[in-house]
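Small disclaimer: the values here were computed from a predicted structure and weren't measured.
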Amino acid sequence: MIIDNVSSAQFDMIVLAEMLVIILSMVVPSIVFRFILDHDMSSKETGKQIQRLRQEMVKEGLRAVEKIYLPENIRESVVYDSRDQKSANSFADFWHQWAKAIQ
């Protein structure tokens, strides 16, 4: 639409300006963010943080399950699945849950 209202030289300048804005919008944050933002945690620290958050989410989920009415078989399944999120179920728990599910 703009090409109808400007000369070819002006159009070339507009395209050049747009390309410059696009390139700068990709390059500048890559350089500036390195100095502004905190550095990433190590993979070990990240793993610990994820594990801690997972534990807290499961605790909160289990508290919420305790507050609501659920039939006992559904409650057991939800509690099992919640505990499984933090790998707190044993192999025996898995077989027990599986046996109940197929009944």
Side-chain angles (χ1 to χ4, degrees):
M1 279 176 37
I2 198 167
I3 199 164
D4 296 335
N5 299 325
V6 294
S7 69
S8 124
Q10 289 174 327
F11 182 75
D12 291 342
M13 290 299 285
I14 291 170
V15 171
L16 179 65
E18 289 175 352
M19 287 186 339
L20 184 62
V21 167
I22 290 170
I23 291 171
L24 286 175
S25 69
M26 293 186 321
V27 172
V28 169
S30 301
I31 295 169
V32 172
F33 286 171
R34 169 180 261 166
F35 299 107
I36 294 175
L37 300 175
D38 292 335
H39 294 286
D40 288 339
M41 292 185 268
S42 70
S43 59
K44 186 176 181 180
E45 290 171 340
T46 302
K48 287 179 182 178
Q49 184 77 359
I50 290 171
Q51 189 65 20
R52 184 186 64 75
L53 291 172
R54 181 175 285 138
Q55 299 274 345
E56 289 176 16
M57 287 183 342
V58 169
K59 279 186 208 174
E60 191 61 35
L62 290 174
R63 276 190 226 124
V65 167
E66 289 173 6
K67 293 177 184 177
I68 62 175
Y69 167 75
L70 288 173
E72 192 57 35
N73 59 342
I74 303 292
R75 181 180 303 279
E76 287 178 14
S77 179
V78 169
V79 168
Y80 173 83
D81 289 339
S82 297
R83 290 184 62 215
D84 201 42
Q85 292 295 314
K86 61 179 186 172
S87 302
N89 293 325
S90 67
F91 195 64
D93 291 335
F94 167 77
W95 282 113
H96 181 71
Q97 188 70 19
W98 184 74
K100 279 185 160 184
I102 60 172
Q103 286 180 352

Within one Ile-Leu-Val-Met-Phe-Trp-Tyr cluster: [X] and [Y], side-chain cutoff 4.5 Å:
X	Y	value
Val79	Leu70	yes
Tyr69	Val78	no
Met26	Ile31	no

(message) Could you measure the distance from the CD atom of Gln10 to the CE atom of Met13? Nearest 0.5 Å is fine.
(response) 9.5 Å
(message) For Phe33, give me all partners under side-chain contact (heavy atoms from CB on, under 4.5 Å), at least two apart in sequence or on another chain.
(response) Pro29, Leu37
(message) Taking side-chain contact (heavy atoms from CB on, under 4.5 Å) as the definition, give me every residue that meets it alongside Ser42, ordered by chain and number, with sequence neighbours left out.
(response) Lys44, Glu45
(request) Just do the salt bridge (Lys or Arg N to Asp or Glu O under 4.0 Å) check on Lys59 and Glu56 with the steps written out, would you? (result) CA-CA 5 Å; Lys59 279 186 208 174; Glu56 289 176 16; over 6 Å; no
(message) Assess the residue pair Glu60 and Met57 against the criterion (side-chain contact (heavy atoms from CB on, under 4.5 Å)); give the C-alpha distance rounded to whole Å, side-chain angles, the decisive distance to 0.1 Å, and a yes or no.
(response) CA-CA 5 Å; Glu60 191 61 35; Met57 287 183 342; 5.8 Å; no
(message) Looking at Arg52, I'd like to know if its CZ atom is crowded, meaning that more than 12 non-hydrogen atoms belonging to other residues, nucleotides or ligands lie closer than 6.0 Å.
(response) yes
Expected list for residues 14-25: side-chain donor-acceptor pairs under 3.5 angstrom, two or more places apart:
residue: Ser25; atom: OG; partner: Val21; partner atom: O; Å: 3.2
residue: Ser25; atom: OG; partner: Ile22; partner atom: O; Å: 2.7

(message) If you compare all heavy atoms of Arg75 against all heavy atoms of Glu66, which two are closest, and at what distance to 0.1 Å?
(response) NH1-CA, 3.7 Å
